[in-house]
Amino acid sequence: SLYPELKGFYHLRETIGSGGFAKVKLAYHALSGEKVAIKIMDKKTLGAELPRVTTEIAAMKELCHQHICKLFQVIETETKFFLVLEYCPEGELFDYIVSKDRLDESEAQIFFRQIVAAVAYIHDCGFAHRDLKPENLLLDEDQNIKLIDFGLCAKPKGGMESLLTTLCGSPAYAAPELISGKQYLGSEVDQWSMGVLLYALLCGFLPFDDESITQLYKKIKTGSYKFPEWLSDGSKELISQLLQIDPKKRIPIAELLKHPWLTKNVNVPIEWKSKYKKSLDDDCITELAVHYGKTRSQMEEEILQWKYDYQTATYFLLLEKKMKGKPVRLLCRH
Ligand SMILES: COc1cccc(Nc2ncc(-c3ccc(C(=O)NCC(=O)Nc4ccccc4)cc3)c(OCC3CCNCC3)n2)c1
């Protein structure tokens, strides 16, 4: 087959996305029967960008959050990287907004609370995303948000406030300081992009748009955008606090987590911390031990090494089955 490294472990199906350096295929994890997304990157195509994949893999191993697509396994061959990732059955938020034209305030609020939670978590882990847009926000079977970074744009924030100067991400969502080639902070760029995102959720179109890229840049740099008449005062106030040209004037994440527009009718601040437990799940370890014919303590010791091999993937996918209320069972037991 085309990818002998996957044979017997994953059953490949159709391509669900491609772009930049990556192609993503739907696949089935053979042991659990669960669907996964396999991101395939060719080392030759990556060329000088190769280090971005190692940065991405390191970041993914740190990021374990209910609103971030989980990494299950890394397979590296001489010519390719395969990242086995959480599959989101409801596809891109972008397509959902297009299908509904635009979202009403309550639905937009639910999605935006989850997006803010994911970004707050990434920033707390010392990373910045830098390419926040609806194409990188996927929906799971319960229509919950799962943030991804399809284009390898996420970066460590360095010493938290390291200044980054590479242009990354899509211009329509890019902050003024980023497109001016000035030094910028990833966290502040993410705040701006969240403003563009919230506008897109509530309006169904972009605040800054133009056929000519120079006109688009001009609108972004001068912060020239209009509010449609259907927006509430609360949502307009929040959007304007994010779309501040001066990065220092943008509402900080800590404030955002308890902003009135995000807490109204729900009255609880956003729970942004990871809901994943640090300890291993007994049922999953037991099922793995039975399958591999090992003792539970041997199995625990192996999983705790977090090798991101097929065993790691099988553990995480058993955990996913458990969280979805499915039986914690593998398809065949020796
Ligand atoms: C139903 O029909 C559909 C239709 C469409 C999609 C699906 N489902 C579906 N599930 C899962 C994926 C996926 C997950 C993770 C990554 C990734 O690259 N992770 C790496 C990552 O997230 N790093 C990272 C995250 C945060 C911080 C730092 C680093 C890549 C792809 C997918 O992709 C399809 C593409 C298509 C082009 N636009 C983007 C999505 N699609 C289903």
Side-chain angles (χ1 to χ4, degrees), residues 10 12-29 34-42 46 49 51-75 80-99 114-158 164 168-170 173 186-187 189-190 193-194 197 272 274 276 308 313 316-317 320:
Y10 295 96
L12 278 186
R13 291 288 177 277
E14 72 272 16
T15 296
I16 46 179
S18 60
F21 312 109
K23 169 161 62 165
V24 181
K25 284 177 141 347
L26 169 64
Y28 286 86
H29 175 259
E34 290 288 291
K35 287 181 182 172
V36 292
I38 301 188
K39 184 175 183 179
I40 305 164
M41 291 172 279
D42 182 285
L46 280 162
E49 308 296 330
R52 286 164 82 166
V53 177
T54 34
T55 308
E56 150 116 331
I57 291 168
M60 290 301 291
K61 288 180 177 177
E62 303 272 317
L63 299 168
C64 198
H65 190 269
Q66 55 276 16
H67 294 308
I68 294 177
C69 249
K70 189 91 198 70
L71 173 69
F72 296 140
Q73 182 177 356
V74 177
I75 301 169
K80 287 183 183 58
F81 277 107
F82 298 90
L83 299 193
V84 181
L85 297 144
E86 185 175 353
Y87 174 72
C88 301
E90 293 301 310
E92 296 179 2
L93 176 64
F94 180 86
D95 297 323
Y96 181 76
I97 302 169
V98 168
S99 72
Q114 295 180 4
I115 295 166
V116 171
V119 176
Y121 172 79
I122 292 177
H123 289 182
D124 185 64
C125 293
F127 295 99
H129 190 282
R130 305 192 314 158
D131 193 17
L132 293 170
K133 57 184 180 183
E135 296 87 333
N136 274 334
L137 291 161
L138 304 182
L139 297 170
D140 70 7
E141 60 283 342
D142 304 316
Q143 293 246 329
N144 286 317
I145 288 281
K146 296 281 182 180
L147 172 62
I148 72 167
D149 172 26
F150 188 71
L152 300 170
C153 281
K155 282 284 165 298
K157 286 198 296 187
L164 310 162
C168 185
S170 332
Y173 294 83
S187 48
V189 157
D190 285 345
S193 304
M194 282 195 284
L197 255 175
W272 61 275
S274 175
Y276 274 81
Y308 281 83
F316 279 131
L317 285 159
E320 278 228 331

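Ligands are counted one by one from 1 in listed order, and the atoms in each one are counted from 1 as well.
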With a 4.0 Å heavy-atom cut-off (strictly under), which part of Leu71 contacts ligand 1: side chain, backbone, both or neither? neither

Identify which of Cys69, Pro89, Ala22, Cys88 has a heavy atom lying nearest to atom 1 (C) of ligand 1. Pro89

Which bit of Met60 is near ligand 1, meaning a heavy atom under 4.0 Å away: side chain, backbone, both or neither? side chain

Out of curiosity, is Phe127 lining ligand 1, as in a heavy atom under 4.0 Å away? no

Taking 4.0 angstrom as the limit and counting only heavy atoms of Gly91, give me the atoms of ligand 1 inside it, by number and element. 3 (C), 4 (C), 5 (C), 6 (C), 7 (C), 42 (C)

His129: which of Ile68, Val119, Asn136 passes side-chain contact (heavy atoms from CB on, under 4.5 Å): Asn136

With respect to Glu92, determine whether any N or O atom, backbone or side chain, lies less than 3.5 Å from an N or O atom of ligand 1. yes

Answer with yes or no whether Lys146 contacts ligand 1, where contact means a heavy atom under 4.0 Å from a ligand atom. no

I want to know if ligand 1 touches Asn136 in the polar sense, i.e. an N/O pair below 3.5 angstrom. no

Applying side-chain contact (heavy atoms from CB on, under 4.5 Å) between Phe316 and each of Lys70, Gln73, Glu86, report the one that passes. Lys70

As an exercise, identify every atom of ligand 1 less than 4.0 angstrom from a heavy atom of Ala37. 11 (C), 12 (C)

Lys133: partners by salt bridge (Lys or Arg N to Asp or Glu O under 4.0 Å), with sequence neighbours left out: Asp131

What do we get for Leu85 next to ligand 1 when only non-hydrogen atoms under 4.0 Å count, side chain, backbone, both or neither? side chain

